[in-house]
There are 2 protein chains.
Amino acid sequence: MEDLATAIGQTEVPARRRDRVARAQTIISAAKEILSESGFDGFGINSIARRAGCDKQLIYRYFEGLEGLAEVIGTEIADELSAELETFSRKEAPKSYGDWVEPLAIGLLNLFRSNLIIQKITAWELASPSRLTRIMAEARAKRMNAWMVSLRGEMKHPEGLDVGALNAIIIGAVQHLAISATAFGSQAGLSLATDADWLRVEAALRHFVRSA
Amino acid sequence: MEDLATAIGQTEVPARRRDRVARAQTIISAAKEILSESGFDGFGINSIARRAGCDKQLIYRYFEGLEGLAEVIGTEIADELSAELETFSRKEAPKSYGDWVEPLAIGLLNLFRSNLIIQKITAWELASPSRLTRIMAEARAKRMNAWMVSLRGEMKHPEGLDVGALNAIIIGAVQHLAISATAFGSQAGLSLATDADWLRVEAALRHFVRSA
DNA sequence: CAAAAATATCACCGGGCGGTGACTTTTTCT
DNA sequence: AGAAAAAGTCACCGCCCGGTGATATTTTTG
């Protein structure tokens, strides 16, 4: 990279031994790792700095403290989330509530299953809401809600169906199952370890939403 | 009370200024309060002793530390839970899956809604499992599972219904909604503050399980 | 090259935590 | 009554936390 710059003849950019953006990224990565592993328990100035291999002072300088760092991570997560949501939102005009909500439910399920950080943020905001959890969850929740209403706007609701309540139930179940699976490997006596287990869940979910 | 004892002529039981069991109960109550309010965040030796108005040493002496205290509280909670579960388990032989699971779902929903401690224990075990959370959740989970299988044994399952998966979904949803309601007052855009809100949830839940 | 600014590190503070030993006061036993 | 045991209090320890000022090192600028 630097070779390119000098070759072009720009103001030389010597391979800096001190690179702020790289450092900042290291810190962000360390914080994300900790968050995935231990949640907000280990999400502290000392712990993050230790894992990033730098002094905690840098976190204050680069991000103006933990809250700033949380904001950065929150928006990063939200961006990744937005991208993922797009991938399973475009189906043709749904014909029924089941048609509409089934891919939504399955998509969310897999999204939550595969994203440990979102699991931790969700779980911690339920167990121990704080400034930090709220900062992180805010951007994410905003995008998810926007996405949902955008989907909802596309279809007409059947008469007599309380779509808001039904969705809250479905989404709640999906979140709970995903979180419980990584925490215990099971939920309410149902093992949630193998792919076969999850296929059962998917089938049951489909059954629920289609028969509604 | 003491008057009665002396009147009868028993070995006099002077109104003790130091009463171990009363003290112990004070400590347990204090711990439960803290648990309801702050979860396992504030569930520490110092904090509990402060709230109970006594020295933390007593917690070590009476309960052999935090873990012992957690065990006592866990079994207390489990006992209360067992009693409550009995109250809505006895319906006549159910004729369908919906018949069987509807009162179960609604009962669990109201039980979780009204029991802050169980909410906190559940939420914390998902967010930050530890020795303490596990100790507390163990007795409770054991009784709940026993109760569920006892119910399950009473009915024959319709063919093609994955009862285990369906139940896991329903129970997960119920738990998540209750916890989310006390934490935010809403879930997935659905307000969960007023009784009317919860009636919507109950109706939607009934709709789900009946149509399954 | 030297001065200035950015970058990074270190040492230290107060405070809360869990945990423990030594102590005083009360109750019970003989 | 006096001794032993139980109940309760106090002071202290080491540890890790978040936070901050002073300092060392590197990079950029003039």
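So that the names make sense, note that chain A is the first sequence line, chain B the second, and so on, each numbered from 1.
- Across C:dC10, D:dA7, D:dG19, the shortest atom-to-atom separation from the side chain of A:Y60 is found for D:dG19.
- Residues from residues 31-38 of chain B placing a heavy atom under 4.0 Å of any atom in DNA chain C do not occur.
- We find that CD1 of B:I27 is positioned 13 Å from C1' of D:dT9, with the value rounded to whole Å.
- Scanning atom types as modelled, no donor and acceptor separated by under 3.5 angstrom connect the side chain of B:N46 and the base of C:dG16.
- The A:Q57 side chain lies nearest to D:dG21 when the options are D:dG21, D:dG19, D:dA6.
- In this structure, the nucleotide among D:dG19, C:dC10, C:dT27 sitting nearest to the side chain of A:D55 is C:dC10.
- In terms of phosphate contacts, A:R20 brings a side-chain nitrogen or oxygen within less than 4.0 Å of OP1 or OP2 of C:dT7.
- With rounding to whole Å, B:F43 atom CZ is found 14 Å from C:dC17 atom P.
- For the pair B:E80 and B:K32, the salt-bridge criterion is met [side-chain N within less than 4.0 Å of a carboxylate O].
- Using a 4.0 Å cut-off between charged nitrogen and carboxylate oxygen, A:E202 and A:R206 count as a salt-bridge pair.
- Contact between the side-chain N/O atoms of A:R50 and the OP1/OP2 oxygens of D:dC17 is found at a separation under 4.0 Å.
- Remark: the B:D41 side chain and the B:S38 side chain contain no N/O donor-acceptor pair separated by less than 3.5 Å.
- Below the 3.5 angstrom threshold, one finds no donor paired with an acceptor across the side chain of A:R23 and the base of C:dT7.
- B:L166 places none of its side-chain heavy atoms less than 4.5 Å from the side chain of B:V163.
- For the residue pair B:T182 and B:Q119, a side-chain donor N or O sits within less than 3.5 Å of a side-chain acceptor on the partner.
- Under 4.0 Å is where a charged nitrogen must lie from a carboxylate oxygen, and between B:E37 and B:R51 at least one such pair does.
- The nucleotide whose nearest atom lies closest to any side-chain atom of B:R18 is, among D:dA11, D:dG18, C:dT26, C:dT26.
- The separation between B:E64 atom CD and C:dG19 atom C1' is 15 Å, rounded to whole Å.
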